[in-house]
Amino acid sequence: VPFLLMKEPVLAGATNAAIPRMSARRFVSSLADILRRDANFLRLVAARLLYVVGIAVFPFYVLFMEGIVEHGTERLGLFTSAQVFGTFLGGLSVGWMADRIGTRAVVRLAELFGSVVPALALLLIATHRSFAEHLLPLSVALFILIGVAASTNMVGFVDYVLESAQIAHS
C-alpha cells in the first residue's frame with residue numbers, strides 16, 4: 001500500500017509531457033519485440049527466471065535443517081543469524097565486485113551460488129546420518145551462502161539491466 005501512495009519528485013525543468021502514455025497491451029507487445037531483437041536481454045531474462053526458481057525454495061531450508069538433517073529447533077536461530085550475516089557480507093562484497101569488475105560478473109556469481117546451495121544441501125542429506133555431529137559448520141556455511149545469494153539479486157540482475165539499457169534520445 002505505501003508504494004501506491006508514493007509520488008516521484010519532479011526535477012526542476014523536467015516535464016512528463018515528452019513521455020507518451022502506453023496501454024498495457026502495447027507495453028506487453030513492445031516487451032515481446034525487445035526480447036526478439038535483443039538476444040543478450042533474452043538470455044538475462046532466462047537466467048533471472050532460472051535463478052528465481054532456484055532461490056524460491058531458500059526460505060524452506062530452515063525446515064529442511066530441522067526435519068531432514070535433524071539439527072533441531074535449537075539451531076534455527078543460529079541458521080537465521082548465519083543467513084543475515086551472509087546477506088550483510090554479500091552486500092558488501094557483491095557491491096564492491098560490481099563496482100570493480102562489473103555487474104555481469106555478479107550475475108554469474110548469483111547463478112553459481114544459486115546452484116551451489118542446492119548441491120550443498122544434497123550433500124547434507126547424503127551425509128547427515130554418518131557425520132551428524134560434524135555437519136553443523138557445513139550447515140552454517142549453507143545459510144551464509146543463502147544470504148550471499150540473496151544479496152546478489154538486486155546488485156546483479158537489476159543493475160545489469162540498468163547499465164545495459166539503451167538510452168533513447170529525442
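It should be emphasised that the depicted structure is a prediction, and the values quoted were computed from it without experimental measurement. Any value given below was found using the heavy atoms of this structure, including those in side chains, with hydrogens, waters and symmetry copies removed.
Applying the side-chain hydrogen bond (donor to acceptor under 3.5 Å, both in side chains) definition to pairs two or more places apart or across chains, none involves residues 80-100. A side-chain hydrogen bond (donor to acceptor under 3.5 Å, both in side chains) check over residues 26-36, counting only residues at least two apart or in different chains, returns the pairs Asp33-Arg37.
Residues Phe157 and Val116 fall within the same hydrophobic cluster, defined by Ile, Leu, Val, Met, Phe, Trp and Tyr side chains chained together at heavy-atom separations under 4.5 Å. The hydrophobic clustering, which links ILVMFWY residues whose side-chain heavy atoms are closer than 4.5 Å, places Leu109 and Leu89 together.
Every residue two or more places apart in sequence or in another chain was checked for a ring pair (Phe, Tyr, Trp, His ring centres under 6.0 Å) with Phe113, and none qualifies. The side-chain contact (heavy atoms from CB on, under 4.5 Å) check on Ala105 picks up Met97, Ile101, with sequence neighbours excluded.
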Which pairs of donor and acceptor atoms, one on a side chain in residues 48-64, lie under 3.5 Å apart (sequence neighbours left out)?
{"unit_1": "Arg48", "atom_1": "NE", "unit_2": "Asn153", "atom_2": "OD1", "d": "3.3"}
{"unit_1": "Arg48", "atom_1": "NH2", "unit_2": "Asn153", "atom_2": "OD1", "d": "3.2"}
{"unit_1": "Tyr51", "atom_1": "OH", "unit_2": "Ala149", "atom_2": "O", "d": "2.3"}
{"unit_1": "Tyr51", "atom_1": "OH", "unit_2": "Thr152", "atom_2": "OG1", "d": "3.1"}

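What you find for Ser151 and Gly91 is that their closest heavy atoms are OG-N, 3.5 Å. Scanning all heavy atoms of the two residues, the minimum distance from Val155 to Ala98 falls at CG1-CB, 3.6 Å. Considering all non-hydrogen atoms of both residues, Pro118 and Ser115 come closest at CD-O, 3.4 Å. In terms of heavy atoms, Leu142 sits closest to Ala121 at CD1-N, 4.1 Å. Here the closest non-hydrogen pair linking Leu120 and Ala141 is CD2-C, 4.5 Å.
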(request) Evaluate side chain to side chain contact (heavy atoms under 4.5 Å, CB included) for Asp159 paired with Leu162, printing each intermediate quantity in order. (result) CA-CA 5 Å; Asp159 286 356; Leu162 292 174; 4.2 Å; yes
(message) I'd like to know whether Tyr160 forms a side chain to side chain contact (heavy atoms under 4.5 Å, CB included) with Asn40, so could you lay out the CA-CA distance, the side-chain angles of the two residues, the decisive distance to 0.1 Å, and finally the verdict.
(response) CA-CA 11 Å; Tyr160 183 79; Asn40 193 40; 3.1 Å; yes
(request) With side chain to side chain contact (heavy atoms under 4.5 Å, CB included) as the test, would you mind laying out the steps for Leu136 and Leu78 before giving the verdict? (result) CA-CA 10 Å; Leu136 184 61; Leu78 174 64; 4.0 Å; yes
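Under a 4.5 Å side-chain heavy-atom criterion applied to ILVMFWY residues, the cluster that includes Phe88 comprises Leu92 as well.
The shortest distance between side-chain heavy atoms of Val161 and Phe41 falls below 4.5 Å.
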